[in-house]
Amino acid sequence: MQRRRQTAVQLTSSPEQTRSLGRQLALRLQPGDLLSLRGHLGAGKTTLIQGIAAGLGVTDLVSSPSFTLIHQHPGRIPLYHIDLYRLSAADVGAIGLDEIVDSEAVVAVEWAEKLPADLLRNALDIEIVFDESDEDARRIHLRARGPRSARLLSSLTENCDADTRP
Amino acid sequence: MLLLGIETSCDETSAAIVSGPSDDGVQLLSNVVASQDDLHAHFGGIVPEVASRRHIEMILPVIREAMQRASVTWEDLQGIAVTNGPGLVGSLVVGVAAAKAIAQARRLPLVGIHHLEAHIYAAAIHGPLPFPLLALIASGGHSHLVLMHGHGKYDVLGRTLDDAPGEAFDKGARLLGLPYPGGPHLAALADSFPGRVEPMPRAHISNSRDFSFSGVKAALARAVRTTQPQERDRARLAAAYQESIALSLTERTLQVADEIGDSPIFVAGGVARNQRLRDLLAQRAAAAGLRVHFPDPALCTDNAAMVAAAGVHKLARAGPDPPDLDCFANIQLRSWDATTAS
């Protein structure tokens with residue numbers, strides 16, 4: 001049996017390319033998929049999720065939920081866009097995340113390092129880091145936590161011509 | 001009519017008593033706000049569970065205090081207005097449950113108010129609203145340009161494509177190592193910088209009425225990362241950052257005001273307290289021959305006075321909501337159904 005890919009790195013050189021990667025990813029998403037995003041302020045987490053939303057057929061404006069915490073968008077597959085920026089790690093349970101993660105939607109969580117590990121069992125981790133080669137360049141590290149996200153990652157990297165060093 | 005307003009959509013527990021509407025707008029009799037800023041500063045941000053619990057503890061004392069200050073008894077009340085979205089559900093539900101219980105017990109008409117319309121109606125406390133008007137609502141969670149043709153008649157013309165301006169202030173403050181809540185701290189640091197400053201780059205979105213603040217946030221993040229600024233540089237960065245946000249809000253608002261005719265501009269929301277935004281917008285609007293109004297700073301951040309002000313108008317024009325009024329984390333601003341309008 002073919003070994004599933006566990007990690008990949010994609011390079012983007014502009015917010016548009018980051019959104020485009022999001023659209024590519026979204027075409028492979030299934031209801032129930034969980035994307036856990038990390039990255040410093042201004043790295044492009046919301047930008048990537050804008051692309052994911054577009055790929056899921058969301059027509060709403062996708063803006064940052066840092067203050068409002070949860071945005072729910074109808075689409076081909078519904079999207080929950082969650083942002084834990086203002087929350088302390090101890091209290092993320094209080095916004096009912098466990099129920100949302102079990103729903104038939106795609107769930108994308110910003111500042112996911114605050115999520116308890118048991119919620120992340122099957123998540124695809126996405127970490128966006130600044131690439132100092134250019135002010136708009138980003139390295140996007142993808143890591144599959146379980147077989148489900150490994151399948152997703154394999155499908156993405158098979159069809160993307162970006163850098164996929166492990 | 002004498003109306004009780006209740007607000008618990010986010011960090012503030014607030015109750016207010018107003019009378020009206022009359023030709024002079026809405027008369028404010030009391031406005032009590034219990035802020036959770038100190039509590040959340042301890043955690044460095046909001047904690048929904050803690051916020052919800054604090055609302056439960058505070059809601060009845062705050063309502064009682066508002067009634068006492070206004071010298072109003074339960075028998076005097078003629079209606080209740082409550083924010084029922086958008087916001088944190090665990091917080092919203094406390095105010096909505098209190099409002100429903102009082103409405104049931106006292107057989108009073110109850111009306112749910114959208115958080116954004118509440119912000120706009122803060123201006124109705126100073127006098128009657130002149131329609132049509134252009135409202136700029138700039139806060140932690142929102143950045144909206146709303147054309148209002150009349151009471152309860154809204155057209156959302158522009159929104160933020162990414163971050164809200166208050167959020168941009170808060171995140172900028174965090175990047176500069178300033179404490180929570182970041183907005184006022186960043187403004188103070190910015191204002192300490194002597195002389196003029198070159199604003200950080202602003203988003204130029206052509207053929208649009210929308211805002212964008214993620215670019216300037218990324219620019220500040222980059223500046224902090226690459227230069228590791230010392231005290232004076234941090235003040236300069238804060239000033240350049242604030243200038244960029246204030247200019248973006250000002251330029252877009254005046255552009256839209258110009259496109260729709262010479263409607264007066266009403267600024268609302270927590271960011272309306274920012275002095276640089278006030279100065280810049282007032283100055284540029286005057287130069288363009290446009291009128292601009294800012295609410296009393298105390299009515300810019302979340303409060304029940306603005307909810308009550310919207311409530312008296314909505315009850316008079318759209319009638320009460322059913323007694324099983326629900327609350328919503330995400331809900332769009334909609335015009336009132338004027339089916340029961342008098």
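Letters A, B, ... are given to chains in the order of the sequence lines, protein chains preceding strands, and every chain is numbered from 1.
- Smallest separation of non-hydrogen atoms from B:Pro229 and B:Ala223: CD-O, 4.5 Å.
- If you take CD1 on A:Ile140 and CG on A:Leu25, they are separated by 10.0 Å, rounding to the nearest 0.5 Å.
- Distance NE2/B:His55 to CG/B:Leu88: 7.5 Å, rounded to 0.5 Å.
- Of the residues considered (A:Asp136, A:Leu41, A:Val62, A:Thr46), A:Leu41 shows the highest number of contacts with chain B, using heavy-atom pairs under 4.5 Å.
- Taking a cutoff of 4.0 Å between a charged side-chain nitrogen and a carboxylate oxygen, A:Arg143 and A:Glu127 do not qualify as a salt bridge.
- Closest heavy-atom contact between B:Ser244 and B:Pro201: OG-O, 3.5 Å.
- For chain A, no part of B:Asp210 is nearby; none of its heavy atoms comes within less than 4.5 Å.
- Looking at B:Asn330, the atoms closer than 4.5 Å to chain A (heavy atoms on both sides) all sit in the side chain, from C-beta outward.
- Between chain A and the residues B:Lys217, B:Lys171, B:His142, the largest count of heavy-atom pairs under 4.5 Å involves B:Lys171.
- With a 4.5 Å cut-off on non-hydrogen atoms, A:His71 touches chain B through its backbone and its side chain both.
- Of the listed residues A:Ala43, A:Gly44, A:Ser64, the one with more heavy-atom pairs under 4.5 angstrom with chain B than any other is A:Ser64.
- Chain B forms more heavy-atom pairs under 4.5 Å with one residue of A:Ser63, A:Pro15, A:Pro65 than with any other, namely A:Ser63.
- For the side-chain hydrogen bond (donor to acceptor under 3.5 Å, both in side chains) with A:His81, the qualifying choice from A:Gln50, A:His73, A:Glu110 is A:Glu110, the only one to do so.
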